[in-house]
Amino acid sequence: QVQLVESGGGLVQPGGSLRLSCAASGERHSVSIMEWHRQCPGKQREFVARIFGASTTVYADSVKGRFTISRDNAKNTVYLQMNSLVPEDTAVYYCNMIPRASWGQGTQVTVSS
């Protein structure tokens with residue numbers, strides 16, 4: 001069974017940056033499609049970014065040009081570099097894979113001055 005552990009969240013001012021990490025254990029994920037999702041306060045969980053193949057990426061329109069998803073297969077880790085953060089990015093961020101694993105605890109990102 002795959003376990004996913006997210007980290008790297010925190011409080012950041014508007015315009016700032018954060019890098020989130022997602023460590024996968026129990027199964028090598030190099031052949032898996034990896035995704036980041038987020039759940040903003042009072043809203044349903046939504047798709048943020050996907051990486052598959054060697055380095056093919058897909059992004060939600062709301063983060064395109066500001067966020068970058070990447071992976072380190074040797075470390076079984078996926079990253080989400082978030083730049084130019086805005087208050088609307090405040091959410092709990094989760095990673096997952098396709099086929100789906102159990103959702104982890106997520107990591108809280110708060111963008112506020």
Side-chain angles (χ1 to χ4, degrees):
Q1 184 175 1
V2 175
Q3 287 190 320
L4 301 167
V5 179
E6 303 91 346
S7 62
L11 173 64
V12 63
Q13 292 187 340
S17 299
L18 280 175
R19 189 176 83 152
L20 307 183
S21 299
C22 170
S25 63
E27 176 180 312
R28 287 193 61 84
H29 72 106
S30 60
V31 295
S32 301
I33 301 171
M34 299 298 298
E35 297 183 335
W36 283 98
H37 295 249
R38 68 185 181 187
Q39 187 163 16
C40 303
K43 296 185 178 181
Q44 290 191 338
R45 189 177 294 158
E46 63 180 9
F47 167 80
V48 174
R50 176 183 302 132
I51 186 166
F52 59 96
S55 59
T56 302
T57 56
V58 178
Y59 297 94
D61 287 343
S62 59
V63 307
K64 200 173 295 183
R66 301 187 298 121
F67 291 10
T68 303
I69 186 172
S70 62
R71 68 198 301 172
D72 184 334
N73 291 335
K75 296 182 178 180
N76 272 3
T77 300
V78 177
Y79 304 98
L80 186 67
Q81 177 67 43
M82 306 187 296
N83 299 328
S84 302
L85 285 161
V86 297
E88 292 73 23
D89 294 319
T90 295
V92 179
Y93 284 73
Y94 303 87
C95 68
N96 212 312
M97 61 202 325
I98 296 177
R100 286 279 183 256
S102 297
W103 293 95
Q105 295 297 310
T107 185
Q108 175 71 48
V109 172
T110 302
V111 184
S112 175
S113 55

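Note that the structure is a prediction, hence the values are computed from the model and not measured.
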Sidechain-backbone polar pair: T90 side chain, V111 backbone, donor-acceptor under 3.5 Å: yes

Any donor-acceptor pair under 3.5 Å from E6 side chain to C95 backbone: yes

Residue pair F52, V58: steps toward the side chain to side chain contact (heavy atoms under 4.5 Å, CB included) verdict: CA-CA 9 Å; F52 59 96; V58 178; 4.0 Å; yes

Geometric cation-pi criterion R38 and Y94, 6.0 Å radius, 45° cone: no

Under-4.0 Å salt bridge between K43 and E88: no

Aromatic plane relationship, H37 with F47 - under 30° parallel, 30 to 60° tilted, over 60° perpendicular: perpendicular

Heavy-atom side-chain proximity of C22 to Y79 below 4.5 angstrom: no

Polar side-chain atom of T56 near backbone of G53 as donor-acceptor pair, under 3.5 Å: no

Same apolar cluster: V48 and L18, side chain cutoff 4.5 Å: yes

Stepwise side chain to side chain contact (heavy atoms under 4.5 Å, CB included) test for M97 and V2: CA-CA 9 Å; M97 61 202 325; V2 175; 3.7 Å; yes

Side-chain donor-acceptor contact under 3.5 Å, S17 with N83: yes

Minimum side-chain heavy-atom gap W103-L4 below 4.5 Å: no

Backbone N/O of A101 and side chain of N96: donor-acceptor pair under 3.5 Å: yes

Side-chain touch Y59/R50, heavy atoms, less than 4.5 angstrom: no

Donor-acceptor under 3.5 Å (S62 side chain, A60 main chain): no

Residue pair V86 / P14, side-chain heavy-atom distance below 4.5 Å: no

Linked, directly or transitively: L85 and L20 (ILVMFWY side chains, under 4.5 Å): yes

Heavy-atom donor-acceptor pair, T107 side chain to G9 backbone, under 3.5 Å: yes

Working for side chain to side chain contact (heavy atoms under 4.5 Å, CB included), residues S112 and L11: CA-CA 7 Å; S112 175; L11 173 64; 4.2 Å; yes

E35 side chain near I98 side chain, heavy-atom distance below 4.5 Å: yes

